[in-house]
Amino acid sequence: MKDVPPRPASEAEELATSYAPTDEGSVLHGGALVFFDGPLERLDVVRAVARAALVYPKLQDRPVTLPLAADLLAWAPDATFRTSRQVRVVELDRTSDGAALQRAVEMVWSEPLPAQRPPWQVIAFTDGHGGRSAVLVKAHGTLVRAFGIGGLVEMLLGTPPDASPPAAPAPRQRAGVVPALLEAATSLAELGARRSRALAGEVRTLLRPGVALERTREVGRILESAGTLLSSPAPETPWNAELGRERRVAWLALSRAVLLGIEDMLGGDWEDAWLTIVADALGRYLRECGRTTVGLTLLAYVPGEDHGYGAAVLSSAARHATARLVALPVDEMSPGARHAEIQRSRHHPLAAARGSGVEQIARMSHRLPGPLQSLLGSLCYQAANTIVLTEDAPERCPTLGLRTATSLVPLAMLPWHVGLAIAASASRDGELTIGVTADAILVPSIGNVVRALHEAYVDTAAAAGVPPIEPPPR
């Protein structure tokens, strides 16, 4: 298992300031649904999570509001941390089907994360889906951005039993108001000292020749990106509106070998083929909803390897380090023509420039207080109709007790005004598992989205002369 290094102080501050808890908690979370063959024991799940919390003490921290600074947040140890509070087990009937599991996952996914605890949860669903079990890893977007979905799954479920916790951990108080206040005051002092040192470093850096000019140009580029994005918002769709709290979740499995075959026949890379399928599916769904798609081109925010939304792209020959805003033609046309348009758009410099603009504005908004963060974030994501991301699978396959994970379904966070997101993860056996998350009101029929994705996959493969391979049902 790869080592997850401790985050530098400046990055930890960014994580803290980007988390705006409320009394009701937060619904800005992402994660994954991990499937296992056979039933799981609750004790095995608790042991795995407890081991991870010891090896990675950061998992025991929670964002806290510092005294006398209502909008200033920092990470602090949770004095009342208990593994049992972070783990839940939902027992499904042994005769239940996949629909029952989907409803249970949707119910849990719609719940906000508790505001006064570490912003992550592990929920195990046992004896469901034809004798198979599933574990839902659910974490706030700040943690997803820091470690990636695959990284979080690997940390929480894939930590080896022989992994050693940090040497000589400091003793921690477990309860009481006074210890909590002392921790908050200590965090405030440490944060102030770090920021003073950072400010001094910034001043020394700005005194260097050419640095101030470059910083000015950087701010200018961000403002220019903001102006460009706000002057050309994405087209209206049924799912681009203010989001509620209830979510819909669905998943399916495709063959990555088929996408590679489409790549060989149509050119580009397999991600061009994947976006072609997504564009076709979104057009089918819009027409089912009674919307005309003649001449309509949607905009998809495709996060890069390092960005402000929170995901790492799959390893590929065309791996990009920056985010992209890709045009998706959803009109009725041949798969070859759609693929050619998407390939031109995705590799055009404007796609990277606009995607970088979304990324930079999102990063800048994370340093602002909650209300301003929401305002700037909503303006930022009005430039995109949907999120399409691909995630790395964990390097170490999670094992709970005697059960080894068989597949991982990534579930993307829904940002402001984007009520539909599609995530993909390539498994070690060549499958491409797709997770769809949507706002329950804006996308009431998520099953139609999944069906449209499968139909687009079959038709695109057939048009490219590639026999579609049907993975085993999940």
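Checked against L136 for a side chain to side chain contact (heavy atoms under 4.5 Å, CB included), the options V409, V122, V108 give a single hit: V108.
The side-chain heavy atoms of F35 and W251, taken from C-beta on, include a pair separated by under 4.5 Å. In this structure the side chain of E106 reaches within 4.5 angstrom of the side chain of I446, judged on heavy atoms. A 4.5 Å side-chain heavy-atom check between L152 and V144 finds at least one atom pair inside the cut-off. Counting heavy atoms from C-beta outward, R85 and P118 have side chains that stay 4.5 Å or more apart. The closest side-chain heavy-atom distance from R248 to T437 is not below 4.5 Å. Side-chain contact between P238 and V443 is absent, with no heavy atoms from C-beta onward closer than 4.5 Å. The closest side-chain heavy-atom distance from E431 to L254 is not below 4.5 Å. The shortest distance between side-chain heavy atoms of L453 and L252 falls below 4.5 Å.
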(request) Step by step, work out the side chain to side chain contact (heavy atoms under 4.5 Å, CB included) result for L59 and D61. (result) CA-CA 6 Å; L59 293 173; D61 292 354; over 6 Å; no
(message) Checking T276 against I262 for the side chain to side chain contact (heavy atoms under 4.5 Å, CB included) test, could you report, in this order, the C-alpha distance in whole Å, the side-chain angles of both residues, the deciding distance, and whether it holds?
(response) CA-CA 10 Å; T276 299; I262 297 173; over 6 Å; no
(request) Report the C-alpha distance between L259 and E263 in whole Å, list the side-chain angles of each, state the deciding distance to 0.1 Å, and finish with yes or no for side chain to side chain contact (heavy atoms under 4.5 Å, CB included). (result) CA-CA 6 Å; L259 270 69; E263 168 194 336; over 6 Å; no
(message) Let's go through L299 and V326 carefully: what are the C-alpha distance in whole Å and the side-chain angles of both, what is the deciding distance for side chain to side chain contact (heavy atoms under 4.5 Å, CB included) to 0.1 Å, and is it a yes or a no?
(response) CA-CA 6 Å; L299 292 172; V326 182; over 6 Å; no
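The backbone N or O of W120 lies less than 3.5 Å from a partner atom in the side chain of Q86, making a donor-acceptor pair. A donor-acceptor pair is defined here as one N or O able to donate and one able to accept, closer than 3.5 Å; no such pair exists between the side chain of T83 and the backbone of V46. Counting only distance, with no hydrogens or angles, the side chain of N240 and the backbone of N385 share a donor-acceptor pair below 3.5 Å. S334 places a side-chain N or O within donor-acceptor distance of the main-chain N or O of A337, the cut-off being under 3.5 Å. Side-chain atoms of H339 do not come within 3.5 Å of backbone N or O of I277 as any donor-acceptor pair. In this structure, S110 contributes its side chain and E246 its backbone to no donor-acceptor pair below 3.5 Å. A donor-acceptor contact shorter than 3.5 Å is absent between the side chain of K58 and the backbone of A53. At least one donor-acceptor pair closer than 3.5 Å links the side chain of T433 to the backbone N or O of L408. Proximity of a side-chain donor or acceptor of R403 to a complementary backbone N or O of P39 within less than 3.5 Å is detected. Under a 3.5 Å cut-off, the side chain of D37 and the backbone N or O of T406 do not form any donor-acceptor pair.
Environment of CG in L260: crowded, with over 12 heavy atoms of neighbouring residues, nucleotides or ligands closer than 6.0 Å. Surrounding CD of E242 are at most 12 heavy atoms belonging to other residues, nucleotides or ligands under 6.0 Å away.
Considering every non-hydrogen atom in both V135 and F36, the closest pair reads CG2-CE1, 3.8 Å. A327 and T297 make their closest contact through CB-CG2, 3.6 Å (heavy atoms, listed as atom of the first residue, atom of the second, distance). Residues Q102 and V249 share a closest heavy-atom pair of NE2-O, 2.8 Å. Contact between R346 and R324 at its shortest, heavy atoms only, is O-NH1, 2.6 Å. L275 and I342 make their closest contact through O-CD1, 3.4 Å (heavy atoms, listed as atom of the first residue, atom of the second, distance). Summarising the geometry of A424 relative to I434, their closest heavy-atom pair is CB-CD1, 3.6 Å, with the distance given to 0.1 Å.
In this structure, the separation between CG on L143 and NE2 on H29 is 12.5 Å, given to the nearest 0.5 Å. Note: T126 OG1 to E91 CD = 4.5 Å, rounded to the nearest 0.5 Å. Between L40 atom CG and L400 atom CG the span is 5.5 Å, to the nearest 0.5 Å. L286 contributes atom CG, which lies 6.0 Å from atom CG of L298 (distance to the nearest 0.5 angstrom). Interatomic distance, S255 OG to L432 CG, rounded to the nearest 0.5 Å: 8.5 Å. L389 CG to Y301 OH: the interatomic distance, rounded to the nearest 0.5 Å, is 10.0 Å.
The aromatic rings of W239 and Y285 sit tilted, their planes meeting at an angle between 30° and 60°.
Look at E455 and R451 and you find a salt bridge, because one of the NZ, NE, NH1 or NH2 atoms lies within 4.0 Å of a carboxylate O, short of that distance. Between D459 and R284 there is a salt bridge, since a side-chain N of the basic residue sits under 4.0 Å from a carboxylate O of the acidic one. Between D439 and R247, at least one side-chain N (NZ, or NE/NH1/NH2) sits under 4.0 Å from a carboxylate O, which counts as a salt bridge.
Annotation: side-chain hydrogen bond (donor to acceptor under 3.5 Å, both in side chains) contacts of D331 (sequence neighbours excluded): none.
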